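Below is one structure, written out as structure tokens; the observations come after it.
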There are 2 protein chains.
Amino acid sequence: MTKHLYVREQLRAQIATMQPNDLLPKERELAETFQVSRNTVRQALQSLIEDGLIYSVRGHGTFVSDRRISKGLGLTSFTEDMRARNLEPATRLITATQRPAPDDIARTLELQPGEPVYYLERLRLADGFPMCFERLHLPTSLFPKLLDQKLDASLYELFAARYRTVVATAEQHITATELQKRHADLLGVPAKSAAMLVSRRGIDNRGRIVEYGQSLYRADRYGFDLTVRR
Amino acid sequence: MTKHLYVREQLRAQIATMQPNDLLPKERELAETFQVSRNTVRQALQSLIEDGLIYSVRGHGTFVSDRRISKGLGLTSFTEDMRARNLEPATRLITATQRPAPDDIARTLELQPGEPVYYLERLRLADGFPMCFERLHLPTSLFPKLLDQKLDASLYELFAARYRTVVATAEQHITATELQKRHADLLGVPAKSAAMLVSRRGIDNRGRIVEYGQSLYRADRYGFDLTVRR
DNA sequence: AAGTGGTCTAGACCACCCT
DNA sequence: GGGTGGTCTAGACCACTTT
């Protein structure tokens, strides 16, 4: 545990007991209190500012933010997302195969056409009810013997534990669509119901394209909350 | 112009000429080159890392990112959003009235029930084609004589110019829905088509709730692109 | 062992806001 | 003028990776 992380967590706890627009102690005071340099205090404050918990005004002070900002839309797995919503995530594996990449998938994953990819279909449940149907495409070269693994849990956790691959960035496209009968049946809603369609391309910390997935979320059960700033 | 901003812009220009995964000079070299301290170099690098242009590996070096990341989803007005997509924005004002706030609107705007609000309905066009139908609720107290203004242009620009109010933060909820006949007709699509429903609460830099709006976007023409990071 | 980025220090001056 | 956060310095040691 580094000092600035320690200071940050102490401050986070203190902020939780304060009111919006309350004034925090001066940076020089905090440095004295925690027996660290002012730069270290500033490192901790900067991190809290980026989280939206506090804001600072030059020549004035540092304050608790007006509203508690929900974390917005970070890069989270379905598993993490559901846990954050206090729902119990589960997964039903529907299909898991290896096949040559169709042209459009190869292009998205930046592979040569026909290179082998894994294709997975999974139904994601929350507290036992269908929430989302997803199709995933993964380069086989990055995940040897993937199909021998347990695929009805968090894939991101499997990637990290088994393949030392962390999805660091994701490019997402969000839109709406009408559900085909098959997908509607899986999700337990009438055909042609509206759903959220999320296409995601996951990239690891070395810049390799790790996954391409499309998820269909039940619109009656799911939405994105995000807070954006100027 | 501060030093770290100068260093950052110089580096940004240099990065533009480099290939993904190219190695940047060591921090200590950069400090020497620019005749600044290593901390200042690190401040510039940190900013570029947050923009996704570079990444660093401890004990190894700092590298150009594999992909140029689009800026994701900021707080933009419809007008700005369309211009960014190279589409010409336009607006057709459908309704503009003043009325007592219904209970749910009052609650969302944190007003007393029955306090007066403006209610606007507008059809937003891109290159002349319907893109989005929006309903807006605004506290009258913040925008005296709003209905006398020109309401078929960017409201955010009007707020800034006429009322010195800048929407600094917005809480958004994004989901999908089926269009009612009236809304489908306005947007020029069949009834019950899928659409994106975006609810937005805008907050100014003093923490006042400035607007509550619901927008229905044609799903065939519109989606959100966003890049998220761990 | 050598070299990298990550953390931390103690001190200084600047830009801005208040009284 | 006095106090705040913002910037910057020169130097040190640590954690990690590669040789």
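Note that these values count all heavy atoms, side chains included, but never hydrogens, waters or copies made by symmetry. Reminder, nothing fancy here: chain letters follow the sequence lines and each chain counts from 1. Keep in mind the model is a prediction, meaning the values are calculated, not measured.
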Between [N] atom [atom2] and [X] atom [atom1], what is the distance in whole Å?
X       : N      : atom1 : atom2 : value
B:Arg38 : D:dA10 : CZ    : C1'   : 12 Å
B:Tyr55 : C:dG5  : OH    : P     : 13 Å
A:Lys3  : C:dG6  : NZ    : P     : 19 Å
B:Leu45 : C:dG5  : CG    : P     : 8 Å
B:Glu29 : C:dG3  : CD    : P     : 12 Å
B:Asn39 : C:dG11 : CG    : P     : 16 Å
A:Leu24 : D:dT4  : CG    : P     : 13 Å
A:Leu30 : D:dG5  : CG    : P     : 8 Å

So if I take every side-chain heavy atom of [X] and compare against [options], which nucleotide ends up nearest?
X       : options               : result
B:Arg42 : C:dC13, C:dG5, C:dA10 : C:dG5
A:Val36 : D:dC8, C:dT9, C:dT4   : C:dT9
A:Thr2  : C:dT4, D:dT7, C:dC8   : C:dC8
B:Glu27 : C:dT7, C:dT9, C:dG6   : C:dG6
B:Arg58 : C:dT9, D:dT9, D:dC16  : D:dC16

Report the C-alpha distance between A:Glu29 and A:Lys26 in whole Å, list the side-chain angles of each, state the deciding distance to 0.1 Å, and finish with yes or no for salt bridge (charged side-chain N to carboxylate O under 4.0 Å, His left out). CA-CA 5 Å; A:Glu29 278 180 38; A:Lys26 325 307 170 201; 5.4 Å; no
For B:Phe159 and B:Phe143, take the angle between the two ring planes, folded into 0 to 90°, and tell me which bin it lands in: parallel under 30, tilted 30 to 60, perpendicular over 60.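 Parallel, since the angle between the ring planes stays under 30°.
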DNA chain D: B:His60 or A:Gln46, which has the more 5' nearest nucleotide?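 The residue whose closest nucleotide sits nearer the 5' end is A:Gln46.
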Going by atom types only, do B:Tyr212 and B:Asp104 share a side-chain donor-acceptor pair under 3.5 Å?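 No, no side-chain donor-acceptor pair sits under 3.5 Å.
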Are OP1 or OP2 of [N] and a side-chain N or O of [X] less than 4.0 angstrom apart?
X       : N     : result
B:Thr40 : D:dT9 : yes
B:Thr62 : C:dG5 : yes
A:Ser56 : D:dG6 : yes

I want to confirm an ordering. Mapping A:Val57 and A:Leu5 to their closest nucleotides on DNA chain C, which one lands closer to the 5' end?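 Looking at DNA chain C, the more 5' nearest nucleotide goes with A:Leu5.
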Need to verify one output field. Residue with the more 5' nearest nucleotide on DNA chain C, B:Pro25 or A:Ser37?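 Nearer the 5' end of the strand: B:Pro25.
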Would you mind checking if B:Arg135 and B:Glu121 are paired as a salt bridge, meaning a charged N to carboxylate O distance below 4.0 Å?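 Salt bridge absent between B:Glu121 and B:Arg135.
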Could you give me the CA-CA distance, side-chain angles and deciding distance for A:Tyr156 and A:Glu211, then say whether side-chain hydrogen bond (donor to acceptor under 3.5 Å, both in side chains) is met? CA-CA 10 Å; A:Tyr156 278 21; A:Glu211 57 153 356; 2.4 Å; yes
Does the C:dG3 base have a donor-acceptor partner in the side chain of B:Arg28 within less than 3.5 Å?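 Looking at the base of C:dG3, it does not pair with any donor or acceptor on the side chain of B:Arg28 (distance under 3.5 Å).
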